[in-house]
Amino acid sequence: MWGLVRLLLAWLGGWGCMGRLAAPARAWAGSRGHPGPALLRTRRSWVWNQFFVIEEYAGPEPVLIGKLHSDVDRGEGRTKYLLTGEGAGTVFVIDEATGNIHVTKSLDREEKAQYVLLAQAVDRASNRPLEPPSEFIIKVQDINDNPPIFPLGPYHATVPEMSNVGTSVIQVTAHDADDPSYGNSAKLVYTVLDGLPFFSVDPQTGVVRTAIPNMDRETQEEFLVVIQAKDMGGHMGGLSGSTTVTVTLSDVNDNPPKFPQSLYQFSVVETAGPGTLVGRLRAQDPDLGDNALMAYSILDGEGSEAFSISTDSQGRDGLLTVRKPLDFESRRSYAFRVEATNTLIDPAYLRRGPFKDVASVRVVVQDAPEPPAFTQAAYHLTVPENKAPGTLVGQISAADLDSPASPIRYSILPHSDPERCFSIQPEEGTIHTAAPLDREARVWHNLTVLATELGWSWEPERGWVPPLVAKWSTPTAPPQISPVGSPVGIPQDSSAQASRVQVTIQTLDENDNAPQLAEPYDTFVCDSAAPGQLIQVIRALDRDEVGNSSHVSFQGPLGPDANFTVRDNRDGSASLLLPSRPAPPRQAPYLVPIELWDWGQPALSSTATVTVSVCRCQPDGSVASCWPEAHLSAAGLSTGALLAIITCVGALLALVVLFVALRRQKQEALMVLEEEDVRENIITYDDEGGGEEDTEAFDITALQNPDGAAPQAPGPPARRDVLPRARVSRQPRPPGPADVAQLLVLRLREADEDPSVPPYDSVQVYGYEGRGSSCGSLSSLGSGSEAGGVPGPAEPLDDWGPLFRTLAELYGAKEPPAP
């Protein structure tokens, strides 16, 4: 069986594509050992064909795919065939003697479609080329071994609802790895496996289209279509692959809005203010997004006057709100129609319209306990100033709209009249003055008047009090007050209602203030001034409202002895002039009396004084000398300048005193330190020794000679808490012990009892090493009482002064002998 297959493959290779390639042979003319000029060849010596091998073929032995032969080969066995190139020696092998080419393993065309190799015939003995190398191709012949695949699947597509038949949805593309140029292995055909009858697919291009008209999104929004691609042109035995296409119908505005009910009923309390929500209306629209947005409107006129309707933030609901205040007593219900319309309408679907709907709405106004209503929104009253308490200012009036016969009580909120200038009659609402008013102190008074049903009223002393006509068995809560900001703590179910109104009371002016000078006048005049010279312009001020706009008259001193003249300018001012006879200089300034009066009803007058100093002036008019009052004014040295100078001088004096005090304190501190006990001083010695080679600093022989130590002087030890009064002379040192340790003890005792050295413990280093440290402790703390373990005489505490008298009495007494 395998032999027949090999013969078939050899036959196919031999008759595949025959052809001869002509190549020049000049370079090979002398290659066979024949001398002479080179000869040209007109034909090729190779006799071979293009080879083919079927992919995916696998047999037990290498498969013969063709044979190479050259006319140089005479069958003598001298020719050797060589094969190089792609796959030579591994995939393809050649018989060196016969030129037969075999394939050794299964090939895959999708991995490599062809192999380019190089064949050559050489002399077997010398390996000398007998022919030039020639290139040939081995092609892998395709078989249908790859099914179609969809590299971009699964697919998702969107198509508008209500689309016409044949509307393109999406194009799917499958890929077949087989050779499209050989047979039908890569020829694909597309079919719909699932999704009929809604969608179809073009068999050649793979374009998916709608197959039925008027697909409604509201009925079915999503479809799953399965598309199959089959090779071999769709014939039997072909391989196939499939993919899914999810088709979503997008929304279009093909549904008009529709109210679920034809009549809507709402109720609203009459006290609801403008903007209060009455209810919601929603027209149903199965469309989505912008296609479902709606606008609402009121069709009837009477409804649009009292109510308004708008669309919510989502664009779906209609919000019915109060447009103007409602009144149950005047109208108890409203009936009107509301229309809902799509805001976006597609002209392509107008045939499915109209895209609007109408519903009826009825709103019932409910009665509510209302606070009393004032006859005016605000009151403006006037009252003259200086009127006696109890003067009538005006009247406030309010009525209960729910029950006109209900009594109303009036009161003034205390925070609006903190000075208690007014009072109101609780039943009638008349306002009276409670204290005299002064326009110059306060012109306007803003009161808040409270009107309460059922006789409730506010009294500053008692707070909320019940009505006078009713009988109260139990305490009742005070009335509820409107608007916000009124007293709190009132039950919401209280039947009492209250409202308030602003009452502005203007205090009218009366002529009750005499005119006065606008400012204190203190001026001067030169002693050389000419008669009639202007000294000062004087202005008047009238605090009354009428007086400020009326004429104020001035009159100065009269008579021939008057030193100055006052001329009325008739514009609220007067001129102070020097008379024909100048005023003689004097030390004290002149006090010029001026009388002022207005022209009110009744006319009021007052007398003011102007201070005038007579000074000596320079030729240029500047003051040369004057009395203290005028001199200071003319020189421009004001009180502030004097205060500044005095402040600077005082600061300098304070600095001097502080400096002297600090110096004195420093000197006292030094004196105290000198008189204090030396034990509180820190004495530092910065002397440095010269080391062992320094023989001048101390007597080294004294340490080396133990016999030079002096015994302890007889008598009590010296005081260490006070300075020594006299220097005690050193006693000659008698011969001491021969041991150096005993010498150190003696030297330590001498240092402790020497009054000429500072009385504090010092560290003394001795370069001596004793025998087994028999010297004991070298500390001077215990050397005053013991030396070498032998007790010494006790130091008397009586010599320590009065500060240690109590201590001497406690510890200085001798202990009684033991029995």
Side-chain angles (χ1 to χ4, degrees), residues 9 12 16 50-59 63 65 86-87 90-92 103-116 137-161 163 165-212 215 220-250:
L9 293 176
L12 291 175
Q50 186 177 18
F51 303 119
F52 294 86
V53 59
I54 300 176
E55 68 171 334
E56 303 294 344
Y57 177 79
V63 179
I65 61 174
E86 297 177 343
T90 56
V91 180
F92 304 100
V103 60
T104 61
K105 66 178 183 178
S106 175
L107 302 181
D108 188 359
R109 191 201 66 83
E110 285 72 34
E111 293 182 1
K112 192 172 182 61
Q114 64 182 13
Y115 296 85
V116 179
I137 298 174
I138 298 178
K139 291 188 176 181
V140 181
Q141 192 170 7
D142 183 53
I143 63 173
N144 190 18
D145 60 341
N146 292 281
I149 60 173
F150 293 88
L152 302 180
Y155 296 87
H156 296 270
T158 302
V159 64
E161 63 174 332
S163 297
V165 176
T167 302
S168 177
V169 179
I170 193 174
Q171 183 179 10
V172 298
T173 302
H175 176 70
D176 196 327
D178 295 327
D179 189 1
S181 63
Y182 181 79
N184 295 327
S185 299
K187 186 177 182 180
L188 304 180
V189 175
Y190 298 94
T191 57
V192 177
L193 295 183
D194 191 7
L196 296 174
F198 303 101
F199 298 94
S200 63
V201 64
D202 189 292
Q204 306 300 327
T205 62
V207 176
V208 180
R209 304 178 184 274
T210 57
I212 62 174
M215 285 189 293
Q220 183 176 352
E221 183 178 3
E222 191 173 272
F223 297 86
L224 185 64
V225 182
V226 179
I227 305 296
Q228 182 191 62
K230 189 174 183 180
D231 58 11
M232 301 298 294
H235 296 293
M236 185 70 67
L239 303 179
S240 64
S242 62
T243 186
T244 59
V245 180
T246 302
V247 181
T248 302
L249 299 182
S250 61

### Message
With rounding to the nearest 0.5 angstrom, report the CD to CG distance, Q228 to L193.
### Response
4.5 Å
### Task
Heavy atoms only: give me the nearest P197-I212 pair and the separation to one decimal.
O-CG2, 3.2 Å
### Query
Can you tell me how far CZ of F198 sits from CD of Q220, rounded to the nearest 0.5 angstrom?
5.5 Å
### Query
Will you find, in the side chains of D176 and N146, an N or O donor that is under 3.5 Å from an N or O acceptor?
no
### Message
With side-chain contact (heavy atoms from CB on, under 4.5 Å) as the criterion, how do T248 and F223 come out once you've worked through the C-alpha distance, each side chain's angles and the decisive distance to 0.1 Å?
### Response
CA-CA 6 Å; T248 302; F223 297 86; over 6 Å; no
### Query
With a 4.5 Å heavy-atom cut-off, do I227 and V192 have their side chains touching?
yes
### Task
Could you give me the CA-CA distance, side-chain angles and deciding distance for F199 and V247, then say whether side-chain contact (heavy atoms from CB on, under 4.5 Å) is met?
CA-CA 10 Å; F199 298 94; V247 181; 3.5 Å; yes
### Task
Might you point out which heavy atoms bring I170 and A157 nearest each other, and give the distance in Å?
CB-CB, 3.9 Å
### Query
Around atom NZ of K105, are there more than 12 heavy atoms of other residues, nucleotides or ligands at under 6.0 Å?
no
### Query
Which atom names give the shortest non-hydrogen contact between D231 and P148, and what distance separates them?
N-CG, 3.9 Å
#### Entry: Donor-acceptor pair, side chain of Q114 and main chain of V116, under 3.5 angstrom
no
### Task
Working to the nearest 0.5 Å, report the span between OG of S240 and CE of M232.
13.0 Å
### Message
For D194 and V225: C-alpha separation, side-chain torsions, deciding distance, then whether side-chain contact (heavy atoms from CB on, under 4.5 Å) applies.
### Response
CA-CA 5 Å; D194 191 7; V225 182; over 6 Å; no
### Message
Would the distance check show the side chain of T246 and the main-chain N or O of H156 forming a donor-acceptor pair, the cut-off being under 3.5 Å?
### Response
no
### Summary
Tightest non-hydrogen contact, residues T244 and P154, listed as OG1-CB, 3.2 Å
### Message
How close do R209 and S168 get, counting heavy atoms only, and between which atoms?
### Response
NH1-CB, 3.9 Å
### Query
Which pair of heavy atoms, one from T205 and one from Q171, lies closest together, and at what distance?
O-NE2, 2.9 Å
### Query
In this structure, which one of V91, I65, V103 forms a side chain to side chain contact (heavy atoms under 4.5 Å, CB included) with I138?
I65
### Query
Under 3.5 Å, side chain of Y190 to main-chain N/O of A174, donor-acceptor pair present?
yes
### Summary
NE2 of H235 to CG of N184, rounded to nearest 0.5 Å, is 6.5 Å
### Query
With under 30° as parallel and over 60° as perpendicular, where do the rings of F150 and Y155 fit, or are they tilted in between?
perpendicular
### Query
Passes side-chain contact (heavy atoms from CB on, under 4.5 Å), V159 versus L249? Steps please.
CA-CA 5 Å; V159 64; L249 299 182; 3.5 Å; yes
### Query
With distance as the sole test, does T210 use its side chain to make a donor-acceptor pair with the main-chain N or O of G166 at under 3.5 Å?
yes
